[in-house]
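Ligands are counted one by one from 1 in listed order, and the atoms in each one are counted from 1 as well.
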Amino acid sequence: MTSKAIAIACDHGGYDMKVELIADLQSMGLEVLDLGPDGRDSVDYPDYAYALADAIRSGKADRGILICGSGIGISIAANRYTEIRAALVHDALGARLCREHNDANVIVFGGRMTGIEVARDCLKIFLNTDFEGGRHARRVAKLSTPS
Ligand code: RB5
């Protein structure tokens with residue numbers, strides 16, 4: 001489990017899920033850094049992916065949650081930064097493996113694709129699963145140094 005704040009951001013396709021997940025995180029006693037938006041008005045997902053990436057890169061948070069309609073656009077945006085390993089997750093196995101094998105620091109959901117109960121389950125697994133290291137550490141290190 002992380003000791004720093006957990007950052008969260010979305011676009012209009014992920015707003016309802018964001019509200020639910022913030023309530024869950026707070027009920028777990030975790031500090032939440034909500035990077036917006038504040039409502040369902042149409043916004044551009046890269047702006048929110050970049051805000052969350054900045055929060056992690058600057059050390060304000062060490063884990064993050066991003067949500068757009070499909071989860072795809074906001075993942076692409078976040079993964080433009082080498083410090084960000086954003087994993088678009090649809091089920092519990094993906095939530096576990098993105099931590100064990102990929103040391104993902106951001107979990108991504110499609111607010112129009114994944115039900116809230118599945119997202120809740122995946123988020124708990126994401127927060128409570130450690131990176132396995134070993135052979136995976138070598139591969140993850142290569143993600144930061146594309147040749
Ligand atoms: C917004 O309509 C939608 O395109 C966005 O939420 C996301 O699905 C993009 O990948």
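Among all non-hydrogen protein atoms, the one lying nearest atom 4 (O) of ligand 1 is Y45 CE2, 4.6 Å. Looking at atom 7 (C) of ligand 1, its nearest protein heavy atom turns out to be C68 SG, 3.4 Å.
The residues R120 and E20 are annotated as salt-bridged, a charged nitrogen and a carboxylate oxygen being separated by less than 4.0 angstrom. Between R99 and D130 there is no salt bridge, since no side-chain nitrogen of the basic residue lies less than 4.0 Å from a carboxylate oxygen of the acidic one.
Judged by the 6.0 Å and 45° rule, R57 forms no cation-pi pair with Y81.
Counting atoms of ligand 1 from 1 in the listed order, those under 4.0 Å from a heavy atom of S70 are 7 (C), 8 (O), 9 (C), 10 (O). Atoms of ligand 1 lying under 4.0 Å from at least one heavy atom of G73, given by number and element, are 9 (C), 10 (O). Near H12, the atoms of ligand 1 lying under 4.0 angstrom from a non-hydrogen atom of the residue are 1 (C), 2 (O). Remark: ligand 1 atoms within the under-4.0 Å shell around heavy atoms of D11 are 1 (C), 5 (C), 6 (O).
Minimum heavy-atom separation, A95 to I107: CB-CD1, 4.5 Å. Listed here is the closest heavy atom pair of V108 and A86: CG2-CB, 3.9 Å.
Considering backbone and side-chain N/O atoms, G69 comes within less than 3.5 Å of an N/O atom of ligand 1.
Hydrophobic clustering (ILVMFWY, side-chain heavy atoms < 4.5 Å, transitive): L35 and Y45 are in one cluster.
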